[in-house]
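Data block below; observations after.
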Number of protein chains: 2
Amino acid sequence: MADEVLFDFLHMELVSYIHHSCVKEDNVKDTSIAKLESTGFRVGQSLIERFTKDSARFKDELDTMKFICKEFWNAIYKKQVDNLRTNHQGVYVLQDNKFKFLTQISNGKQFMESAPKYLAFPCGLLRGALSNLGVNCIVTAEVSAMPACKFQIQIQRS
Amino acid sequence: MADEVLFDFLHMELVSYIHHSCVKEDNVKDTSIAKLESTGFRVGQSLIERFTKDSARFKDELDTMKFICKEFWNAIYKKQVDNLRTNHQGVYVLQDNKFKFLTQISNGKQFMESAPKYLAFPCGLLRGALSNLGVNCIVTAEVSAMPACKFQIQIQRS
């Protein structure tokens with residue numbers, strides 16, 4: 001229990017710190033989201049190296065995604081992704097019906113606008129982890145009803 | 001294992017982020033240390049409320065310190081404080097012979113100057129936790145040989 005709240009509280013402070021430190025910038029929201037995302041990216045890169053150090057090589061992209069949905073998600077959010085879908089053309093959608101960073105926010109419509117700042121770091125985490133597994137992608141998040149959340153991963157082929 | 005590295009990596013990124021975001025300021029080192037300390041303070045306040053919600057009231061100051069050295073330290077750093085000393089006049093010294101945030105830094109003399117930025121957040125954590133337990137204090141850290149570290153708590157009587 002202790003471990004979970006430790007990470008949660010540190011994440012909350014990080015969001016609040018970065019948000020306030022960007023107040024002087026022209027576009028607070030975009031700047032702070034970009035910074036949170038890039039912090040997440042670097043943490044994701046480090047984490048995946050640690051998590052996969054004893055894993056066998058992944059068979060293919062889908063196999064990689066399954067690892068992300070199970071082991072990676074479980075290590076960070078203490079649960080697995082509830083649903084993984086793909087169009088087999090480079091788009092993956094990970095749905096978490098009770099996303100950890102949103103469970104503390106009331107689910108009224110008026111709080112929907114606070115959601116993006118709690119999703120920037122997780123999007124970066126995903127992009128960083130996939131990047132170190134050799135998958136270049138764009139990750140976006142979408143919330144339709146809190147605390148459920150969909151992460152869309154769009155693979156970038158070179 | 002996963003939980004531990006998650007918190008570690010996030011802390012490392014926080015240190016690096018805050019350090020870089022303060023580069024424009026006059027006194028980078030002092031400003032970033034103050035910011036890390038205050039982030040730690042707020043996390044410490046939240047954590048201690050969670051940790052003590054089912055605890056009985058502490059008998060006295062020493063009892064509070066023992067809780068910090070055992071339960072609090074264990075929840076955050078996965079080990080207890082190795083040694084607790086006091087002069088019975090409001091000064092407590094907590095010694096950790098293998099402090100988690102210093103174990104990744106090589107113990108050569110030339111890296112001693114990097115230590116303070118990894119100790120600001122932990123000092124804040126301690127001060128925040130004690131503050132919410134009704135103990136106002138000043139917390140400082142001292143490293144003589146890495147990765148051992150001494151935290152000095154000086155109680156402020158009003």
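The chains referred to below are lettered A, B, ... by the order of the sequence lines, with proteins before strands, and numbering in each begins at 1.
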Practice task
Identify which one of Y77(A), W73(A), F151(A) satisfies the side-chain contact (heavy atoms from CB on, under 4.5 Å) criterion when paired with L125(A).
Solution key: Y77(A)

Practice task
Would you mind reporting whether K79(A) and D96(A) have side-chain heavy atoms less than 4.5 Å apart?
Solution key: yes

Handout entry: Pairwise distance CD(Q80(B)) to NZ(K66(B)) - rounded to 0.5 angstrom
Key = 12.5 Å

Handout entry: For Y118(B) against F101(B), the heavy-atom pair lying closest together
Key = O-CD1, 3.7 Å

Handout entry: E113(A), CD: over 12 other non-hydrogen atoms inside 6.0 angstrom
Key = no

Fill in the blank from the handout: So, the part of S46(A) with a heavy atom under 4.5 Å from chain B: the answer is both

Exercise for the section: Enumerate by number any residue of residues 31-41 of chain A whose heavy atoms lie under 4.5 Å from heavy atoms of chain B; in the absence of such residues, state 'none'. Expected result: K35(A), T39(A)

Exercise for the section: Flag the pair F67(B) / E71(B) as yes when at least one side-chain heavy-atom distance between them is below 4.5 Å, and no otherwise. Expected result: yes

